[in-house]
Asks: 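Mind looking over this structure? Questions follow.
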Amino acid sequence: MSERFQPPRGTRDWFGEDAAVRRHVIDLARSVFEPAGYGEVVTPGFEDTELFARSSGETSDVVSKEMYTFEDRSGRSLTLRPESTAPVMRAYLNGMSRLPQPVKVWYCQSHFRYNAVQRGRAREHYQFGVEVVGSPDAAVDAEVIALQHRWYRLCGVPELRLELNSIGDATCRPAYVALLEEFIDAHIDQLDDECLERRKTNPLRVLDCKNPSCQAVLAAAPRITDHLCDDCAAHFAEVRRHLDARGVDYELVPTLVRGLDYYTRTAWEWSAAGLATSISGGGRYDGLAEQIGGPPTPGVGFGAGLERLLEVVRPQPPAPGGSVLFAVIAEQARPRMFALMDEARAAGVTADAAYGSRRLKRMLELASKRGDARVVIVGDDEWEHEQATVRDMTSGEQRSVALDELVKELAGGF
RNA sequence: GUGGCCGUAGCUCAGCUGGUGGUAGCCCCUGGUUGUGGUCCAGGAGGUCGUGGGUUCGAGUCCCACCGGUCACCCCA
C-alpha cells in the first residue's frame, strides 16, 4: 500500500452509485432554483488571499488556521477558496453588477479548509449554494429559504429542521454586544475558561457554550432579538411573515450566530436526523461588499454541504429506462453496427455496446445487470441477411429488423 | 491543534491467551461445447494483514512512531 497513492487526507473520490446520487441531488437543486431565476456562477478555485482575510476577518478560525495559502511563482499570496460567498461578491463587483438587479445565482463548487477530518468535515468539500445580490428585500431572504426547503423536501431529508435568527446590523449590534459583554463581565466568575476565551474573540459565541452550568447563567443574558433597531426588527418580522405565508416552519433560536464577520440580520441553519452538525448555513451579508472595497451592496444566500446532505439521505435518481445494448457477435459486423449505434444515439436513443465479451450469454447477462430494455443481437446469421435481432429484455420476445430500419425502429420504439 | 477508539481483498467482515492469512459473503473475470440474460454449479483474479521500526525462536495479534478513518472538543458545510 505504501507504493500506492491514496487520496490526500480529507479528500475523496466519487464514482459509481455515489457519483450518481451526488449528481441527482444537484439536479434536484437546479430543478428548484433555475425556474426561479437563478443562473449558474463559477468562480476561480483560488483567489487573492486578502479577499478572504478581509471578508471573513483576520481573527476568524477559517482565516487564522484553516486556509490553504500559497505563493505562486511571482510571489503573489493566493488561497484555495474556503467558501464561495466572498468570491461571488467579488465577481459581482467585477461585472455582475451590470446585470438586471438583483442578481440571483447558484453554484456547486468545492471548498478547501485545513481542519480536523471527521464525518461531515472534510478538507475538500462541495457546497451547493445560492446568492442573491443587490436587494435588501426581506421577501428575498424568505424566497431563498423557501426554495431551499423545497429542495430538501425533494431529497427526502429526515427530520428536517430550520433554525432562524436575526443578528442585527451595524446600527444595533454594537450596542447589543456591549450589553452582552457587560452581562458576561458581571457573571465572569460563574463562566468557564472557554467562555472567557470567546468573550475576547467573539462575545456572541459565548451564548453557544454547551456547558450546562454556563447555560444556566446565560439564560438570563440579554437577547439580540430584544435589542434590534427598528429597521432590523421590521425586516426580521417581514421575513417571518413571508415564511409563514409560504408555509415554512422554523424555530427561533436567539443564540444562533455566525462565525464570519460579514453577516447581518437574517441568519439560519438547517439540520437533519443522523448528523450532529448542520447540513446548511445561510444568512444576509449586507456588510460584505464594503469590506472588500465595493459600494454598499446587500446580499443574502446559503451554502449547503453536499457530503453532509448525502450523509443523511441518498435520493435515488430515476432509472434511465429504454436503454439499448448492442451485442455484436459477428466480428465483421462490428464496424457497421457500432456506426449504427452512434446513429441511434444521435437520434436520442441511450445505447451502449457490450465490449467486454464476444459471447452472447455474457452480453445478455450484462444487459440484465445494467437494466437495459432491449438488446440488439447481430451474429453471422443476421449479418448474412442484413438484419438484427432485437430482444425485449422484459418479455423475452425477439424480432428481426432490417439494418436499414434499425435506427428508426430503436428511436421510435419508446 | 488536543484527547479516546479503530485500520485484515474493491466492499462487508472471521481470525481464541502471540504458533503457516479465510472453501467466508458481495463485486469482478473465466468455464459448464459451437448464439440467449435475470438462477445454479465449477474455477480464477485480487492482500508485502495501513506504513516503518521494536520485543520474541516466532507478530494480523504485544510496544512505539507515522499515515488514514472515526468520536468528543474547537470550528464549521
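Letters A, B, ... mirror the listed sequences (proteins, then strands); counts begin at 1.
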Asks: Please identify each residue that fulfils side chain to side chain donor-acceptor pair (under 3.5 Å) with A:Arg391, with sequence neighbours left out.
Replies: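 Counting only residues at least two positions away or on another chain, A:Arg391 forms a side chain to side chain donor-acceptor pair (under 3.5 Å) with A:Gln398.
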Asks: Once you apply a heavy-atom cut-off of 4.0 Å, does A:Ser278 come out as touching a base, just sugar-phosphate, or nothing?
Replies: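 Sugar-phosphate: the residue A:Ser278, judged by heavy atoms under 4.0 Å, touches backbone atoms but no base.
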Asks: If I pick the P atom on B:rU48 and the same atom on B:rG43, what distance separates them, to the nearest angstrom?
Replies: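 The same atom, P, in both gives a distance of 25 Å.
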Asks: Quick one: side chain to side chain donor-acceptor pair (under 3.5 Å) partners of A:Asp381, sequence neighbours excluded?
Replies: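 Counting only residues at least two positions away or on another chain, A:Asp381 forms no side chain to side chain donor-acceptor pair (under 3.5 Å).
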Asks: Can you list the residues that meet the side-chain contact (heavy atoms from CB on, under 4.5 Å) rule with A:Tyr250, with sequence neighbours excluded?
Replies: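 Residues passing side-chain contact (heavy atoms from CB on, under 4.5 Å) with A:Tyr250: A:Leu162, A:Leu164, A:Arg240, A:Leu243, A:Asp244, A:Leu252.
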Asks: Is the distance from the ring center of A:Phe338 to that of A:Tyr355 below 6.0 Å?
Replies: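 Yes, close enough.
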Asks: Distance check: side-chain N/O of A:Arg121 vs OP1/OP2 of B:rA72, anything under 4.0 Å?
Replies: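 Negative; the distance criterion is not met.
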Asks: Just to be sure I understand: a Watson-Crick pair is purine N1 to pyrimidine N3 plus N6-O4 or O6-N4, both under 3.5 Å. Using that and G-U wobbles, which stems of three or more pairs involve RNA chain B?
Replies: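 Counting only runs of 3 or more consecutive pairs, the stems involving RNA chain B are B:1-7 with B:67-73, B:10-12 with B:24-26, B:28-32 with B:40-44, B:50-54 with B:62-66.
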Asks: Could you tell me how far B:rG69 sits from B:rU8 if I compare only their C1' atoms? Round to whole Å.
Replies: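 So the two C1' atoms sit 15 Å from each other.
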Asks: So does A:Gln118 get a side-chain nitrogen or oxygen closer than 4.0 Å to the phosphate oxygens (OP1/OP2) of B:rA72?
Replies: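 So the side chain of A:Gln118 is within the cut-off, an N or O lying under 4.0 Å from OP1 or OP2 of B:rA72.
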Asks: Between B:rC73 and B:rC62, how far apart are the P atoms? Round to whole Å, please.
Replies: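 Their P atoms lie roughly 29 Å apart.
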Asks: Applying a 4.0 Å non-hydrogen cut-off, can you work out what A:Arg359 is touching in the nucleic acid: base, sugar-phosphate, or nothing?
Replies: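 Counting heavy atoms under 4.0 Å across all strands, the contact made by A:Arg359 is with sugar-phosphate only.
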Asks: Partners of A:His24 by ring-ring contact (aromatic ring centres under 6.0 Å, His included), sequence neighbours excluded?
Replies: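 A:His24: no ring-ring contact (aromatic ring centres under 6.0 Å, His included) contacts found.
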Asks: Give every donor-acceptor pair under 3.5 Å between a side-chain atom in residues 128-135 of chain A and any protein atom, sequence neighbours left out.
Replies:
{"unit_1": "A:Glu131", "atom_1": "OE1", "unit_2": "A:Tyr285", "atom_2": "OH", "d": "2.6"}
{"unit_1": "A:Glu131", "atom_1": "OE2", "unit_2": "A:Thr85", "atom_2": "OG1", "d": "2.9"}
{"unit_1": "A:Ser135", "atom_1": "OG", "unit_2": "A:Asp137", "atom_2": "N", "d": "3.1"}

Asks: Any Lys/Arg nitrogen of A:Arg374 or A:Asp392 sitting under 4.0 Å from an Asp/Glu carboxylate oxygen of the other?
Replies: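 A salt bridge is absent here (no side-chain N lies under 4.0 Å from a carboxylate O).
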Asks: Looking for any heavy atom pair under 4.0 Å, which part of the strands does A:Gly10 touch: base, sugar-phosphate only, or nothing?
Replies: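 Sugar-phosphate, backbone atoms only, no base.
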Asks: Look at the aromatic rings of A:Phe33 and A:Phe302 and report parallel, tilted or perpendicular, splitting at 30° and 60°.
Replies: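 Answer is tilted, since the angle falls between 30° and 60°.
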Asks: How would you label the contact of A:Ala327 with the nucleic acid (heavy atoms, under 4.0 Å): base, sugar-phosphate, or nothing?
Replies: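 A:Ala327: no heavy atom of the nucleic acid under 4.0 Å.
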Asks: At a cut-off of 3.5 Å, list every protein nitrogen or oxygen paired with a nitrogen or oxygen from nucleotides 36-39 of chain B, distance to 0.1 Å.
Replies:
{"unit_1": "B:rU36", "atom_1": "O2", "unit_2": "A:Arg391", "atom_2": "NH1", "d": "3.0"}
{"unit_1": "B:rU36", "atom_1": "O2", "unit_2": "A:Gln398", "atom_2": "OE1", "d": "2.9"}
{"unit_1": "B:rU36", "atom_1": "N3", "unit_2": "A:Gln398", "atom_2": "OE1", "d": "2.8"}
{"unit_1": "B:rU36", "atom_1": "N3", "unit_2": "A:Gln398", "atom_2": "NE2", "d": "3.4"}
{"unit_1": "B:rU36", "atom_1": "O4", "unit_2": "A:Gln398", "atom_2": "NE2", "d": "3.4"}
{"unit_1": "B:rG37", "atom_1": "O2'", "unit_2": "A:Ser368", "atom_2": "OG", "d": "3.0"}
{"unit_1": "B:rG37", "atom_1": "N7", "unit_2": "A:Arg391", "atom_2": "NH2", "d": "2.9"}
{"unit_1": "B:rG37", "atom_1": "O6", "unit_2": "A:Arg391", "atom_2": "NH2", "d": "2.9"}
{"unit_1": "B:rG37", "atom_1": "N1", "unit_2": "A:Met393", "atom_2": "O", "d": "2.6"}
{"unit_1": "B:rG37", "atom_1": "N2", "unit_2": "A:Ser368", "atom_2": "OG", "d": "3.3"}
{"unit_1": "B:rG37", "atom_1": "N2", "unit_2": "A:Met393", "atom_2": "O", "d": "3.2"}
{"unit_1": "B:rG37", "atom_1": "N3", "unit_2": "A:Ser368", "atom_2": "OG", "d": "2.6"}

Asks: Using atom P in both nucleotides, what's the gap between B:rU51 and B:rG7 to the nearest angstrom?
Replies: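 13 Å, rounded to whole Å.
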Asks: If the P atom of B:rC57 is compared with that of B:rU12, how far apart are they to the nearest Å?
Replies: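 38 Å, rounded to whole Å.
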Asks: Can a side chain N or O of A:Arg9 be found less than 4.0 Å away from OP1 or OP2 on B:rG69?
Replies: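 The answer is yes; a side-chain N or O of A:Arg9 sits under 4.0 Å from OP1 or OP2.
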Asks: Do any of residues 146-153 of chain A sit with a heavy atom less than 4.0 Å from RNA chain B, and if so which?
Replies: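 The stretch gives none, as no residue of it lies under 4.0 Å from the strand.
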Asks: Who pairs with A:Glu163 by side chain to side chain donor-acceptor pair (under 3.5 Å), at least two apart in sequence or on another chain?
Replies: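 Testing A:Glu163 for side chain to side chain donor-acceptor pair (under 3.5 Å), a comparison that skips the adjacent residues, returns A:Arg161.
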Asks: Taking ring-ring contact (aromatic ring centres under 6.0 Å, His included) as the definition, give me every residue that meets it alongside A:His125, ordered by chain and number, with sequence neighbours left out.
Replies: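 Only A:His111 meet the ring-ring contact (aromatic ring centres under 6.0 Å, His included) criterion with A:His125.
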Asks: Using a 4.0 Å heavy-atom cut-off across all strands, classify A:Gly281 as base, sugar-phosphate, or nothing.
Replies: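 The answer is sugar-phosphate, as A:Gly281 gets under 4.0 Å only of primed atoms, P, OP1 or OP2.
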Asks: Would you indicate what A:Arg119 reaches in the nucleic acid, counting non-hydrogen atoms under 4.0 angstrom: base, sugar-phosphate, or nothing?
Replies: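 It contacts sugar-phosphate atoms only.
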Asks: Taking only the P atom of each, what is the distance from B:rG47 to B:rA24 in whole angstrom?
Replies: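 B:rG47 and B:rA24 have their P atoms separated by 16 Å.
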Asks: I'd like to check the side chain to side chain donor-acceptor pair (under 3.5 Å) partners of A:Arg362; sequence neighbours left out, ordered by chain and number.
Replies: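 In terms of side chain to side chain donor-acceptor pair (under 3.5 Å), with neighbours along the sequence ignored, A:Arg362 is linked to A:Glu365.
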Asks: The criterion is side-chain contact (heavy atoms from CB on, under 4.5 Å); which residues satisfy it with A:Thr350, sequence neighbours excluded?
Replies: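 For A:Thr350 the side-chain contact (heavy atoms from CB on, under 4.5 Å) partners, ignoring immediate neighbours, are A:Ser323.
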